[in-house]
K.L.:
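Below is a structure I'd like to ask you about.
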Number of protein chains: 2
Amino acid sequence: MVTKQVRSTAEDADLARADSLAREIFSDVANKWALLIIEFLGDRTLRFSELRKEVEGISHKMLTQNLRMLERNGLVERTVYPTVPPRVEYTLTAPAQELRETIDGLCRWTRTHMGHIESSRHRFDD
Amino acid sequence: MVTKQVRSTAEDADLARADSLAREIFSDVANKWALLIIEFLGDRTLRFSELRKEVEGISHKMLTQNLRMLERNGLVERTVYPTVPPRVEYTLTAPAQELRETIDGLCRWTRTHMGHIESSRHRFDD
DNA sequence: CGGGATCCGTATCGATACTG
DNA sequence: CAGTATCGATACGGATCCCG
């Protein structure tokens, strides 16, 4: 166990960098649309328009924006077929598949506690 | 397995309601600040000001706003001690504790794949 | 068809000031 | 100390148009 006393200022700086990076990634990933895209894409390979149908309610803009972000973070793979009209397919990468497990957990949690939450809301709204 | 044909319109309406409720709860919970508050609060009992220190970067306003929302959904319990100056303590409820398990998973995932994500970002930014 | 660019209303957020 | 209210800034999100 490394104590505060023997930790150099350089190591402190490293930890600070790691922390802010983790926070940054967390902010990217812990947003509604990103999580829904990952959840609905699952282990399938879908085109842009197909994915848009799956994640209902998402706008054209939000879908492209989030897909770019996920691609940048190495969570989705984007394959372009240079045909006309163009055909673009999206798949989750291995790290994203792991992430999907925990998102599944989040979805299960929601379904399990929906009733409790709904009644709690009604109690609160007085 | 219930097929589409034998499902009544009333049952369809129920399913639609459940779906939109689930979406609503998901939108509440799957946001950066809410998740961080739950994660940092953990199994402790913290005052408003203590919690504000823990979740660094959160503004006074965002903290109150999210705490109200979490309280409404029955995820945090708010205890007011009518002293002067006032003392208000927050704790996670049982459902929120369960949720914390999956948030822990999300945090572990972030730490595990930080390196991969960072290098993927550098590759993308060209 | 996929996606970039633009416009524009709205929700979000931070800072500040004020109450019990 | 905890919380509400108000006010600007700006980021978000949707609608639309156009290009490959």
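So that the names make sense, note that chain A is the first sequence line, chain B the second, and so on, each numbered from 1. Keep in mind that what you see is a predicted model, and the values were worked out from it rather than measured.
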K.L.:
Between atom CG in A:Leu51 and atom P in C:dG3, what is the gap in whole Å?
P.N.:
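A:Leu51 atom CG is separated from C:dG3 atom P by 11 Å.
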K.L.:
So, does B:Thr110 use its side chain to make a donor-acceptor pair with the main chain of B:Leu106 at under 3.5 Å?
P.N.:
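The answer is yes, because a donor-acceptor pair under 3.5 Å joins these two groups.
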K.L.:
Look only at the side chain of A:Asn73 and the backbone of A:Leu75, and say whether a donor-acceptor pair between them is shorter than 3.5 Å.
P.N.:
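The answer is no, because no donor-acceptor pair under 3.5 Å joins these two groups.
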K.L.:
For D:dA15 and A:Ser59 - does any side-chain N or O of the residue sit under 4.0 Å from the phosphate oxygens OP1/OP2?
P.N.:
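False: A:Ser59 side-chain N/O out of range (4.0 Å or more) of D:dA15 OP1/OP2.
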K.L.:
Below 4.0 angstrom, N of the basic side chain to O of the carboxylate: do A:Glu50 and A:Arg44 qualify?
P.N.:
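Not counted as a salt bridge, because no side-chain N and carboxylate O are separated by less than 4.0 Å.
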K.L.:
Between atom CD in A:Gln65 and atom P in D:dG13, what is the gap in whole Å?
P.N.:
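Those two atoms, CD and P, are 7 Å apart.
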K.L.:
Under the salt bridge (Lys or Arg N to Asp or Glu O under 4.0 Å) rule, collect the residues that match up with A:Glu89, sequence neighbours excluded.
P.N.:
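A:Glu89 satisfies salt bridge (Lys or Arg N to Asp or Glu O under 4.0 Å) with A:Arg87 only.
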K.L.:
Find which nucleotide of DNA chain C each of A:Arg47 and B:Met62 is nearest to by heavy atoms, and output the residue with the more 5' nucleotide.
P.N.:
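Checking each residue's closest nucleotide, the 5'-ward one belongs to A:Arg47.
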K.L.:
Give the rounded distance in Å between these two atoms: CD of A:Glu89 and P of C:dG3.
P.N.:
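So the two atoms are 12 Å apart, to the nearest Å.
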K.L.:
Give each protein N/O atom lying under 3.5 Å from an N/O atom of nucleotides 3-10 of chain D, with the pair distance.
P.N.:
residue, atom, partner, partner atom, Å
D:dG3, OP1, B:Arg68, NH2, 3.1
D:dG3, OP1, B:Arg78, NE, 2.7
D:dG3, OP1, B:Arg78, NH2, 2.6
D:dG3, OP1, B:Tyr90, OH, 2.8
D:dG3, OP2, B:Tyr90, OH, 2.9
D:dG3, O5', B:Arg68, NH2, 3.3
D:dG3, N7, B:His60, NE2, 2.8

K.L.:
Is the shortest side-chain N to carboxylate O distance from B:Glu118 to B:Arg121 below 4.0 Å?
P.N.:
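Judged by the 4.0 Å cut-off on N to carboxylate O distance, B:Glu118 and B:Arg121 do not form a salt bridge.
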K.L.:
Describe, in one word, how the ring planes of A:His113 and A:Trp109 are oriented to each other, choosing from parallel (under 30°), tilted (30 to 60°) and perpendicular (over 60°).
P.N.:
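Rings of A:His113 and A:Trp109: tilted, as their planes differ by 30° to 60°.
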K.L.:
Quick one: does B:Ser120's side chain have a donor or acceptor within less than 3.5 Å of a partner on A:Arg72's backbone?
P.N.:
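It does hold such a pair.
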K.L.:
Which residue in the set B:Leu70, B:Ile38, B:Asn66 passes side-chain contact (heavy atoms from CB on, under 4.5 Å) when paired with B:Trp33?
P.N.:
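Exactly one pass, corresponding to B:Asn66.
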K.L.:
Measuring from atom NZ of A:Lys32 to atom CZ of B:Phe26, what distance do you get when rounded to the nearest 0.5 angstrom?
P.N.:
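CZ of B:Phe26 is found 9.5 Å from NZ of A:Lys32.
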K.L.:
Of A:Pro86 and A:Gly57, whose nearest nucleotide on DNA chain D comes first from the 5' end?
P.N.:
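Result of the comparison: A:Gly57.
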K.L.:
Whole angstroms only, please: what is the CE-P distance between A:Met69 and D:dG13?
P.N.:
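Spelled out: CE on A:Met69 to P on D:dG13 is 11 Å.
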K.L.:
Nearest-Å distance, CG (A:Asn31) to P (D:dC12)?
P.N.:
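Result: 10 Å.
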K.L.:
Which ranges of DNA chain C pair up as stems, where a stem means three or more consecutive Watson-Crick or G-U pairs with both distances under 3.5 Å?
P.N.:
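So the stems come out as C:2-20 with D:1-19.
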